[in-house]
J.: 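The structure follows.
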Amino acid sequence: MQHSQQVALRHSLFGPQPRLGIGAKRGALAWLPADVAAADAAAPFLVLRVRRASLVEDALESLAGNTPLSLLKPLRVVFVGEEGIDEGGLRKELFQLLIEA
């Protein structure tokens, strides 16, 4: 994929991103507002909290409320009302249930 195609794809997915000019703060979070960047940097995982009764709706709603940068983080799944620590099994179960839905 050529650079111009990559830029067009990124623009269509995430919207326009301001160019960094001379003296601008550089880094992965430089284009985000400071409060959003700080919140994104503080959380090491993207946590999806879903109920089994409304799995698809909860997953989509939870994903829609995140920044593009947070969608790149490792995923952790929490089934509401159930105990469990996601070490991969809950994430796998979520995807199996989503495919069956």
Side-chain angles (χ1 to χ4, degrees):
M1 184 180 289
Q2 294 179 352
H3 178 69
S4 60
Q5 292 172 321
Q6 290 174 344
V7 171
L9 177 62
R10 194 173 3 185
H11 180 75
S12 67
L13 291 174
F14 304 119
Q17 296 178 8
R19 295 189 182 272
L20 296 174
I22 296 174
K25 181 178 171 186
R26 297 203 178 271
L29 303 177
W31 59 275
L32 289 173
D35 57 339
V36 173
D40 271 348
F45 300 104
L46 171 62
V47 179
L48 290 184
R49 288 172 173 46
V50 295
R51 297 168 292 172
R52 289 185 185 270
S54 57
L55 194 69
V56 175
E57 295 85 3
D58 286 353
L60 289 174
E61 187 175 305
S62 186
L63 289 171
N66 287 288
T67 64
L69 187 63
S70 66
L71 295 174
L72 299 174
K73 294 180 180 182
L75 180 65
R76 297 287 176 167
V77 175
V78 174
F79 285 99
V80 175
E82 299 179 21
E83 290 187 27
I85 297 173
D86 187 6
E87 294 295 330
L90 296 177
R91 182 174 55 242
K92 180 180 176 181
E93 183 178 2
L94 171 70
F95 286 116
Q96 286 177 334
L97 293 170
L98 286 172
I99 288 170
E100 293 171 2

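Just so it is clear, the values below take in all heavy atoms, side chains as well, and ignore hydrogens, waters and symmetry mates.
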J.: Quick one: are Leu71 and Leu46 in side-chain contact, heavy atoms under 4.5 Å?
T.: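 Result yes, sub-4.5 Å side-chain heavy-atom pair found.
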J.: Do Leu75 and Phe45 have side chains that approach each other closer than 4.5 Å (heavy atoms only, starting at C-beta)?
T.: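 They are not in contact (no side-chain heavy atoms under 4.5 Å apart), so the answer is no.
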J.: Under a single-linkage definition using a 4.5 Å side-chain heavy-atom cutoff for Ile, Leu, Val, Met, Phe, Trp and Tyr, are Val47 and Val80 assigned to the same hydrophobic cluster?
T.: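 Unlinked, Val47 and Val80 end up in two clusters.
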J.: Please report the closest heavy-atom contact between Leu48 and Ala59, naming both atoms and the distance.
T.: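 Where Leu48 meets Ala59 most closely, the heavy atoms are CD2-O, 4.4 Å.
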J.: Among all residues two or more places apart in sequence or in another chain, which pass the side-chain hydrogen bond (donor to acceptor under 3.5 Å, both in side chains) test with Ser54?
T.: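 Ser54: side-chain hydrogen bond (donor to acceptor under 3.5 Å, both in side chains) contacts with Arg51, Asp58.
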J.: Distance from Leu90 atom CG to Phe95 atom CZ, nearest 0.5 Å?
T.: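 Atom-to-atom, Leu90:CG and Phe95:CZ are 12.0 Å apart.
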J.: Under the side chain to side chain donor-acceptor pair (under 3.5 Å) definition, can you give me all pairs with a residue in residues 74-84, not counting sequence neighbours?
T.: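 Sorted result for residues 74-84: Arg52-Glu82.
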J.: Of the non-hydrogen atoms in Phe79 and Leu55, which two are nearest, and what is the gap between them?
T.: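 What the structure gives for the nearest pair is CE2-CD1, 3.9 Å.
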J.: Checking Arg49 now: which residues fulfil salt bridge (Lys or Arg N to Asp or Glu O under 4.0 Å) with it, not counting sequence neighbours?
T.: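 Partners of Arg49 by the salt bridge (Lys or Arg N to Asp or Glu O under 4.0 Å) criterion come out as none, since no residue qualifies.
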J.: List the atom of Asn66, the atom of Ser70, and the distance in Å for their closest heavy-atom pair.
T.: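 So the minimum-distance heavy-atom pair works out to CB-OG, 3.1 Å.
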J.: From Lys92 NZ over to Leu97 CG, what is the distance, rounded to the nearest 0.5 angstrom?
T.: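 Rounded to the nearest 0.5 Å, the NZ-CG separation comes to 12.0 Å.
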J.: At their closest point, which heavy atom of Pro74 faces which heavy atom of Pro44, and how far apart are they?
T.: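 That would be CD-O, 3.6 Å.
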